[in-house]
Student: 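Here's a structure for you.
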Amino acid sequence: MSGPYSQADPVLPAELLFGTATAAYQVEGAVGEGGRGPSIWDTYCRTPGRVARGESGDVACDHYHRYGEDVALLAELGVDLYRFSVSWPRVQPTGSGRPNPEGLAFYDRLVDTILGAGIEPVLTLYHWDLPQALEDEGGWRVRDTAHRFAEYTAIVAERLGDRVNRWITLNEPFCSAFVGHAIGRHAPGTKEGAPALAAAHHLLLAHGMAVGELRAAAAGEVGITLNPDHLVPATDSAADHAAVERARTLHNRTWFDPIFTGAYPDNEKEVWGALADGAHRVEGDLETIGQPLDFLGINFYRPIMLRDAPHVEPDPTRRTAVDIGVEQVPYEGVRHTTMGWPVVPESFTDLLVDLDRGYPGLPPILITENGSAEPDAPDDTGRVHDTDRVDYLRDHLAALGRAIEAGVDVRGYFVWSLLDNFEWAYGYDRRFGLVRVDYDLLERHPKDSFHWYRDYLTAHRAARVKADGA
Ligand code: IFM
């Protein structure tokens, strides 16, 4: 492996756009300011034992006050795009009714600052921070929350639709539905069976309703961000292949099939068993969910190796309420990031090619997240020489290039993340940023990967100018 600033950087199509991404609860802080209401993540973080070291997004990177400094960093990087999310409880503190003027004013300022730096804002409407008041009424388990999401979408579209041209309805609904309601490792942190499936359906419905609102507001291009997994059987046995197929339904098909084929997965009875009663589905929902999109956001970090395993995990702390009889198997012989995730760039190519072949007619793809958490120990001068992150990014960009060569229509790529930030149940010690955040002083320190990405983008832009002039 080579270090930063090497000549080995992949050359990607000149028209490919580049950016970085963040999410409201992970960076904003200021949870009690500007009229913001509580979200399920505030509640989850305050529940003892849920988040490492009892940490929370209360202060996070203080982006709410320091967004000007952060946008200046984006300008220095030279990105085309910046993906951020709007906090629903900042806009509607109880998740319904009249909008909070201070909340909308914050996003007005943020969007204007991003545009003023010559960068295009890409807005995610929901990155997991459901207003707690809606959770108290049943949250994603109930259909009304989809209607509330449509109402919130219309408010944001009316306010920002004149300046934001790319809209992402939901980020990784797999995590909201299953990590939140079946595995219990994300807010609201429950282990439920059928309600988790209802949550999945209502998230899909919320997405579809939001698409309708964004179209009505002529807000621009509309998409969703999914996190399909590249799933690999541990052995060639029929049982392990069948386990992968069940997991593919849980992780990928639950979302891709309704949105892109207008049907629920045909093996859902086999996967969910008695849980698949479909009680929450209403005629016409599939039409709402399956409206055409302008782009598909994909988040990719690592592949998952699986084997067939007896139903009912013996370790109660690892048990999930949606048990599909599979077990994760560690990847041997590859580097792992501090998330414990294996680094296998070729699986990025394979995933994209598989999706492209498996779902003909997919809209153009934006890679809305890709990146790695690394130990990032600063040296005596405070600099972070994060060579492993540079290698990760370079190797994944090369893998992306191979997918593009194979015919996958990819239009953009975002590094997760601009800043070190609040990594959900892991708290602050999992650092994904191109910029180190000193959480005591809230100072920002660009890492070597920041400089590498800046140089890479400079070279890419030069190639683009040349291509435009040719
Ligand atoms: O930090 C998260 C982000 O919020 C959603 N996608 C995965 C990232 C890394 O775990």
Side-chain angles (χ1 to χ4, degrees), residues 19-29 39-42 44-45 50-52 55-57 60-61 63 70 82-88 122-130 168-180 183 185-187 189 203 223-230 251-252 255 296-304 328 336-343 347-348 351 365-376 386 388-389 392-393 396 412-437 439 449:
T20 67
T22 63
Y25 189 72
Q26 294 179 271
V27 298
E28 282 182 6
S39 82
I40 53 173
W41 270 94
D42 297 294
Y44 189 76
C45 292
R50 294 301 210 169
V51 175
E55 291 170 349
S56 75
C61 308
H63 175 76
D70 296 335
Y82 174 52
R83 174 178 177 232
F84 68 98
S85 82
V86 170
S87 155
W88 185 352
V122 178
L123 187 156
T124 305
L125 284 156
Y126 185 72
H127 200 123
W128 306 350
D129 41 0
L130 185 73
I168 295 168
T169 54
L170 308 177
N171 178 73
E172 300 181 4
F174 166 82
C175 295
S176 303
F178 296 117
V179 187
I183 300 169
R185 215 170 0 91
H186 277 183
L203 282 152
I224 185 170
T225 282
L226 301 174
N227 56 330
D229 276 307
H230 184 62
H251 290 250
N252 304 354
W255 318 101
L296 163 64
I298 289 194
N299 293 352
F300 178 83
Y301 291 89
R302 49 81 162 91
I304 297 180
Q328 212 165 313
H336 288 71
T337 69
T338 56
M339 294 297 283
W341 293 346
V343 179
S347 69
F348 190 21
L351 173 77
I365 290 171
L366 296 178
I367 305 303
T368 39
E369 289 180 26
N370 176 239
S372 69
E374 305 294 350
D376 282 356
D386 52 342
D388 282 341
R389 180 174 291 107
Y392 179 99
L393 295 174
H396 282 76
Y413 172 91
F414 297 75
V415 173
W416 181 270
S417 177
L418 172 66
L419 304 170
D420 290 341
N421 59 48
F422 177 71
E423 181 53 26
W424 308 110
Y426 296 98
Y428 290 98
D429 77 344
R430 306 291 160 100
R431 293 175 178 267
F432 277 90
L434 299 173
V435 176
R436 180 177 177 83
V437 176
Y439 291 114
S449 57

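Read the numbers this way: they start at 1 and go in the same order the structure lists the ligands and their atoms. Note that these values count all heavy atoms, side chains included, but never hydrogens, waters or copies made by symmetry.
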Student: Would you indicate whether the side-chain heavy atoms of Trp88 and Leu130 approach each other to under 4.5 Å?
Tutor: yes
Student: Taking Arg436 first and then Asp386, would you say they form a salt bridge - that is, a charged N and a carboxylate O separated by under 4.0 Å?
Tutor: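 Salt bridge: no.
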Student: In a check of side chain to side chain donor-acceptor pair (under 3.5 Å) between Asn299 and each of Asn227, Asn370, Thr225, Thr368, which one passes?
Tutor: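 The single option meeting the side chain to side chain donor-acceptor pair (under 3.5 Å) with Asn299 is Thr368.
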Student: Return yes or no for this condition: an N or O of Trp128 is under 3.5 Å from an N or O of ligand 1.
Tutor: no
Student: Considering only heavy atoms of Glu172, which atoms of ligand 1 have at least one such atom less than 4.0 Å away?
Tutor: 5 (C), 6 (N), 7 (C)
Student: Mind checking what makes ring-ring contact (aromatic ring centres under 6.0 Å, His included) contact with Trp255, not counting sequence neighbours?
Tutor: none
Student: Any heavy atom of Trp341 sitting closer than 4.0 Å to ligand 1?
Tutor: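 The answer is yes, since Trp341 has a heavy atom less than 4.0 Å from ligand 1.
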Student: Counting only heavy atoms closer than 4.0 Å, does ligand 1 sit against the backbone of Arg430, its side chain, both, or neither?
Tutor: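 It is neither part, as no heavy atom is under 4.0 Å.
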Student: May I have the step-by-step check of side-chain contact (heavy atoms from CB on, under 4.5 Å) for Trp128 and Tyr44, ending in yes or no?
Tutor: CA-CA 12 Å; Trp128 306 350; Tyr44 189 76; over 6 Å; no
Student: So for ligand 1, is Asn299 a polar contact partner (N or O within less than 3.5 Å, distance only)?
Tutor: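 Among all N and O atoms of Asn299, none is under 3.5 Å from an N or O of ligand 1.
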Student: For atom 7 (C) of ligand 1, what is the nearest protein heavy atom, given as residue, atom name and distance?
Tutor: Glu369 OE1, 3.2 Å
Student: List in chain and number order the residues that pass side chain to side chain donor-acceptor pair (under 3.5 Å) with Tyr126, two or more places apart in sequence or in another chain; answer none if no residue qualifies.
Tutor: Trp140
Student: Can you find a non-hydrogen atom of His127 under 4.0 Å from ligand 1?
Tutor: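 Within the 4.0 Å threshold, so yes.
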Student: Starting from atom 9 (C) of ligand 1, which protein heavy atom do you reach first, and at what distance in Å?
Tutor: Glu423 OE2, 3.4 Å
